[in-house]
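Chain letters run A, B, ... following the sequence lines, proteins first and then strands; every chain starts at 1.
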Amino acid sequence: MTDTPVLHVDMDAFYASVATRDRPELHDVPVIVGGGHRGVVLSANYLAREYGVRSGMPSARARRLCPQAVTVSPEHEVFGTVSAAVVETFRRITPVVEVVSIDEAFLDVRGSVRRWGSPVEIAERIRATVHDEQGITCSVGVAASISVAKLASRRAKPDGVVVVPPEEVTTFLHPLDVGELYGVGEKTRAMLHRLGLVTVGDVAHTPLRTLQRAVGHAVGSHLHELAWGLDRREVVAKQTPVFGIGGGADPEKSMGAQQTFSRDVDDREVVLREMLALTGTVSRRMRVAEVAGRTVTITVRFADFTTLTRSRTMPEATDVTQDLYRTAVGLFDALGLQRARLRLVGVRVEGLVPRESVHRQALLGEREHGWSDADRAVDRAARRFGNAAVRPASLLG
DNA sequence: TCTGGGGTCCTAGGACCC
DNA sequence: TCTGGGGTCCTAGGACCC
């Protein structure tokens, strides 16, 4: 019987650690991963963080804060390989591994203590194994629930373990800033602070109704429970789509792609060319996943960063590039923009259903137009010769 | 040289239906 | 011969997470 069966394992500065592990010359200098033109920081090592650099920060700002930092490009394939190997390490301990993202996972070790020892011993074993086999460090939070384990791993960083026994949960939680709670971002934190609710303890001692009036019904009740360490959610064995099929990944509810232009664009033809490319990317992924969708949403971000979305739901789900693209263009033209300067465009398809559930009439319609067959020919060619080999004529040059 | 890209969930109003 | 009301779908926006 263990009272702290949930482990949250979080890689320390994952991208930066992987990118520098075989490069000793980068071990003693600030390192930033990502951050190209108009980009953001994907990850920064702890030396760079001492200068205030954080992931998600505009790279221009990061470079101002720490001009001597070395910037490296992300190698997503390597990150994926390391991540998969780490998850395998977890699976040797317990089958109940819930992969949250490329660099973190929850483990339920209830069934593992007989063989592997206490949760803390398991945590240390995992850390040692990941370090020996992958050459990177991770931190582990150990608690009775998912939400507390997640907060504990953050306190454990870098390269440590923090255990929060059940009887110490409120002592642990209540001094924390409300912004630490899962689901409290910049806006909600500012709102709560304006109300004088600064710590998790403040939230815990605020009447539920007051909280809900301030931040909405769902977020309000969610926060109130988290503030008391109430979290009934179990760890569920689950992969993420990053690792491909065959691991119990949830079916995706939407698929999309967006692109920030290297310079703002006011030419309709250039915008539509980008939307066609994005639609092609999305529909190809849909066909690989064997899904079709009914709702097309476009996103337009202007030079001043204001952003709007427009969506249209079609009578039948489709995975046909031309159908999705026509809908997207209709939405764009309905905006009636007159040479507005655009920073970004995006295309997303929602309401995804398995392709075989699509109404037969729609599939017959596709056959008549011939576009469905054309898409599949393009997919085959792309598999054989690479994505760059096949593209609409308007994307050439 | 400010601010990526891929997602999920919630809210709120209006349409529509029974 | 004032106003129902509840459920569901669609649309737009917003917040959040990694």
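Taking every heavy atom of both residues into account, A:Val178 and A:Val200 meet most closely at CG1-N, 4.0 Å.
Side chains of A:Pro166 and A:Thr4 form a contact here, defined as non-hydrogen atoms less than 4.5 Å apart.
Of the candidate nucleotides C:dG13, B:dC2, B:dG4, C:dG13 has the atom lying nearest to any side-chain atom of A:Thr309. Taking only side-chain atoms of A:Ala257, from C-beta outward, the nucleotide of B:dG5, C:dC10, B:dG6 with the closest atom is B:dG6. In this structure, the nucleotide among B:dG5, C:dT11, C:dC16 sitting nearest to the side chain of A:Gln259 is B:dG5. For A:Val40, the listed nucleotide lying nearest its side chain is B:dG4; candidates were B:dG4, B:dT11, C:dC10. Of the listed nucleotides (C:dC18, B:dG4, B:dT8), B:dT8 has the atom at the smallest distance from the side chain of A:Glu252. The listed nucleotides are B:dT1, B:dT11, B:dG4; the one nearest the side chain of A:Thr260 is B:dG4. Proximity note for A:Lys253 (side chain, C-beta onward) versus B:dT8, C:dC10, B:dC10: the nearest is B:dT8.
A 3.5 Å limit on both hydrogen-bonding distances identifies B:dG6 as the Watson-Crick or G-U partner of C:dC17.
In this entry the distance linking CD of A:Glu186 with P of B:dT3 reads 16 Å, nearest Å. Following rounding to the nearest Å, A:Leu223 (CG) and C:dC16 (C1') show an atom-to-atom distance of 12 Å. Distance, A:His222 NE2 to B:dT8 C1': 13 Å, rounded to whole Å. Regarding A:Phe261, its CZ atom lies at a distance of 10 Å from the P atom of B:dG5, rounded to whole Å. In this structure, the CZ atom of A:Phe305 is 14 Å from the C1' atom of B:dT1, given to the nearest Å.
No hydrogens or angles were tested; on distance alone, a donor-acceptor pair under 3.5 Å links the side chain of A:Arg63 to the base of B:dT1.
Within the 4.0 Å cut-off from OP1 or OP2 of C:dT11, at least one side-chain nitrogen or oxygen of A:Thr313 is found. For C:dG13, one of the phosphate oxygens OP1 or OP2 lies less than 4.0 angstrom from a side-chain nitrogen or oxygen of A:Arg310.
Straight-line distance between the P atoms of B:dT3 and C:dC18: roughly 23 Å, to the nearest whole Å.
Among the atoms of the strands shown, only primed sugar atoms or phosphate atoms (P, OP1, OP2) are found under 4.0 Å from some heavy atom of A:Thr188. Within 4.0 Å (heavy atoms only), A:Arg263 reaches no atom of the nucleic acid at all. Residue A:Val100 is classed as having no contact, given no heavy-atom separation below 4.0 Å to the nucleic acid. Looking at heavy-atom distances under 4.0 Å, A:Met255 makes contact with sugar-phosphate atoms alone, never a base. Heavy atoms of A:Leu308 sit under 4.0 angstrom from primed sugar atoms or phosphate atoms, though from no base atom.
Where A:Arg38 and A:Ala218 meet DNA chain B, the nucleotide closest to each residue was compared, and A:Arg38 sits on the side nearer the 5' end. Residue-to-nucleotide proximity on DNA chain B shows that, of A:His217 and A:Arg301, the 5′-proximal contact is made by A:Arg301.
In this structure, the separation between OH on A:Tyr325 and CG on A:Leu278 is 10.5 Å, given to the nearest 0.5 Å.
Between A:Phe106 and A:His8, the angle of the ring planes lies from 30° to 60°, which puts this pair in the tilted group.
With a glycosidic angle further than 90° from 0, C:dC2 counts as anti.
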